[in-house]
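Each remark here refers to the structure printed beneath this line.
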Amino acid sequence: MSLVTSQRVLSGMRPTGQLHLGHYHGVLKNWIKLQYEYRCFFFAADWHALTTQYDDVSMIASNVWDMLIDWLSVGVNPSEATIFIQSKVPEHAELHLLLSMSTPLSWLERVPTYKDQQQKLKDKDLSTYGFLGYPLLQSADILVYKAGLVPVGEDQVAHIEITRELARRFNFLYGREPDFQEKAKEAIRKMGKKNANLYNELRKRYQEQGDAEALSTAQVLVNAQQNISLGDKKRLLGFLEGETRTILPEPEALLTETSKMPGLDGQKMSKSYGNTITLRDTPVNVEQKVRTMPTDPARIRRTDAGEPEKCPVWQLHKIYSPEDVKAWVQEGCRSATIGCIECKQPVIEGIKAELTPIQEKCRRYQESPETVRAIMSEGCEKARAVARETLEEVRQVMGLSYR
Ligand code: TRP
Ligand code: SF4
């Protein structure tokens, strides 16, 4: 991975409407942390939604707005991260098209999510061109920003892997210059004698011994050069690893820990399981949902002892309760000295306390749709500026610059 771009982080989310606590604890808190550490790009993947929802588009726009408002309400910060809508940056589509020219069908067909999703969503006809191209579109999303890190869950790792393969193929096809070696050697000379020797030494160590540290030291060295052109820098970075210029760098997956947030029934919290607490559930809703949660099935009567490990409510205590309350649950449940209703109360309070400030912000954004629109159009512009630069370069190496 080239250090030129390793600081760029990109991730997308399909607009499924209002978000729930699983999204918050699993994905968004991670984004909020990353936005202060890297240059982040977060977007609503509305075209990806179309790959499975092409037959009913009525909810797409409202789902996008709801999702974006939820992001803002939990603290995804538009002055730290660039937040935008995929279809507002048509460069994603252009890169998708250009990459499609050299993408073998077999690569797409063997991505596991392709067959899995077709199986899972049996009632939909997903034998479409667009759906087969889902991972290709995702690759374009990533490569158009030359993102170095892509925070995703386990289920998306195959999509990052195909992105890496596509980038490699692209660089191989279009990153070769007839006189690359000569130009690279010329660029090495331009660094001055001392740096040139160091570069050659590090390159040799990497190429002959696979010394990854030598590679990253050399990348730092190249990036620190003040008096050589960007083109030469790219040659020098490319020459470290092979004979091609790196036009589209290979991204890495930044695995998001699977959310510790269980659903109301103890399974993973997910809209399709109907076991969610959404970020917009009212206090009354929250109370009612937690009150009706199943508990340890062994506690039929109030006097029956229970085992917290067998109870989904305990999983929520682990997230929301301080140590003394947790001890109270452990002890009280096993000795049947507390009832389940009583036990659930601190969880209810914890969730309500977490949601209050989020909902406060949410209301303000809902009352001011023009603020949200303005944040988005600014984000889309910022994203486009970066995407345009990549496309300039891509068109040029593909012989489409017409100048
Ligand atoms: N496929 C991703 C998901 O379902 C969403 C997505 C689209 C994405 N484009 C992306 C994620 C680019 C990371 C990077 O979760
Ligand atoms: Fe679950 Fe609490 Fe009831 Fe024990 S007391 S079964 S932990 S809800």
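Remember, it's 1-based here, ligands and their atoms both numbered in the order they're listed.
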**Study point:** Ile142 vs Ile160 side-chain heavy atoms within contact, under 4.5 Å
**Key:** yes
Practice item. Report, in ascending order of atom number, the atoms of ligand 1 lying under 4.0 Å from any heavy atom of Arg14. Key: 4 (O)
Study note, to complete from the structure: Quick note on ligand 2: atoms under 4.0 Å from a heavy atom of Cys333 include exactly 4 (Fe), 5 (S), 6 (S), 7 (S)
Check your understanding: Counting only heavy atoms not in Gln345, do more than 12 fall under 6.0 Å of its CD?
Key -> yes
**Study point:** atom 6 (C) of ligand 1: nearest protein contact (heavy atom, Å)
**Key:** Gly12 O, 3.8 Å
Study note, to complete from the structure: Residue, atom and distance of the protein heavy atom nearest atom 1 (N) of ligand 1 read Tyr134 OH, 2.7 Å
Review point. Strictly under 2.8 Å, is any N, O or S atom of Cys311 next to atom 1 (Fe) of ligand 2?
Key: yes
Exercise for review: Please could you name the atoms of ligand 1 that Ser11 approaches to less than 4.0 Å, counting only its heavy atoms?
Suggested key: 13 (C)
Review point. For ligand 2, which atoms have a heavy atom of Asp296 less than 4.0 angstrom away?
Key: 6 (S)
Practice item. Could you confirm whether Cys343 has any N/O/S atom lying under 2.8 Å from atom 2 (Fe) of ligand 2? Key: yes
Check your understanding: With atoms numbered from 1 as shown, which atoms in ligand 2 lie under 4.0 angstrom from a non-hydrogen atom of Thr295?
Key -> 6 (S), 8 (S)
Review point. Could Arg280 and Asp70 be called an ion pair, given the rule that one side-chain N must be under 4.0 Å from one carboxylate O?
Key: yes
Exercise for review: Just need the protein heavy atom nearest to atom 10 (C) of ligand 1, so name the residue and atom and give the distance.
Suggested key: Gln138 CG, 3.5 Å
Study note, to complete from the structure: Taken to the nearest 0.5 Å, the spacing of Leu126 CG from Tyr54 OH works out to 6.0 Å
**Study point:** Min side-chain heavy-atom separation Leu264-Pro312 under 4.5 Å
**Key:** no
**Study point:** Glu342 and Trp328: CA distance, side-chain angles, deciding distance, side-chain contact (heavy atoms from CB on, under 4.5 Å) verdict
**Key:** CA-CA 11 Å; Glu342 215 180 333; Trp328 169 78; 4.2 Å; yes
Revision key, fill the gap. of all protein heavy atoms, closest to atom 5 (S) of ligand 2 is Arg299 NH1, 3.1 Å
Check your understanding: Going by the angle between their ring planes, with limits at 30° and 60°, are Phe84 and Phe43 parallel, tilted or perpendicular?
Key -> parallel
Point to revise | Ligand-residue contact atoms, ligand 1 with Val150, heavy atoms, under 4.0 Å | key: 13 (C), 14 (C)
Practice item. Please report which non-hydrogen protein atom sits nearest to atom 3 (Fe) of ligand 2, along with the residue it belongs to and the distance in Å to one decimal place. Key: Cys340 SG, 2.3 Å
Check your understanding: Where is the nearest protein heavy atom to atom 9 (N) of ligand 1: which residue, which atom, and how far?
Key -> Asp141 OD2, 2.7 Å
Point to revise | Heavy-atom side-chain contact between Glu94 and Val394 under 4.5 Å | key: no
Review point. Which of the numbered atoms in ligand 1 are below 4.0 angstrom from a heavy atom of His48?
Key: 7 (C), 9 (N)
Point to revise | Contact atoms of ligand 1, heavy-atom distance to Val152 under 4.0 Å | key: 13 (C)
Review point. So, Gln267 and Asn275: side-chain donor and acceptor under 3.5 Å apart, yes or no?
Key: no
Review point. Going by the order shown, which atoms of ligand 1 are within less than 4.0 Å of some heavy atom of Leu10?
Key: 12 (C), 14 (C)
Check your understanding: Can you tell me the protein heavy atom closest to atom 2 (C) of ligand 1 and the distance?
Key -> Gln156 OE1, 3.3 Å
Exercise for review: Flag the pair Phe131 / His48 as yes when their ring centroid distance falls below 6.0 Å, and as no otherwise.
Suggested key: no
Point to revise | Validation row: His20, Ile277 side chains within 4.5 angstrom (heavy atoms) | key: no
Check your understanding: What atoms of ligand 1 come within less than 4.0 Å of a heavy atom belonging to Phe43?
Key -> 9 (N), 10 (C), 12 (C)
Check your understanding: Do Ile162 and Ser139 have side chains that get closer than 4.5 Å, going by heavy atoms?
Key -> yes
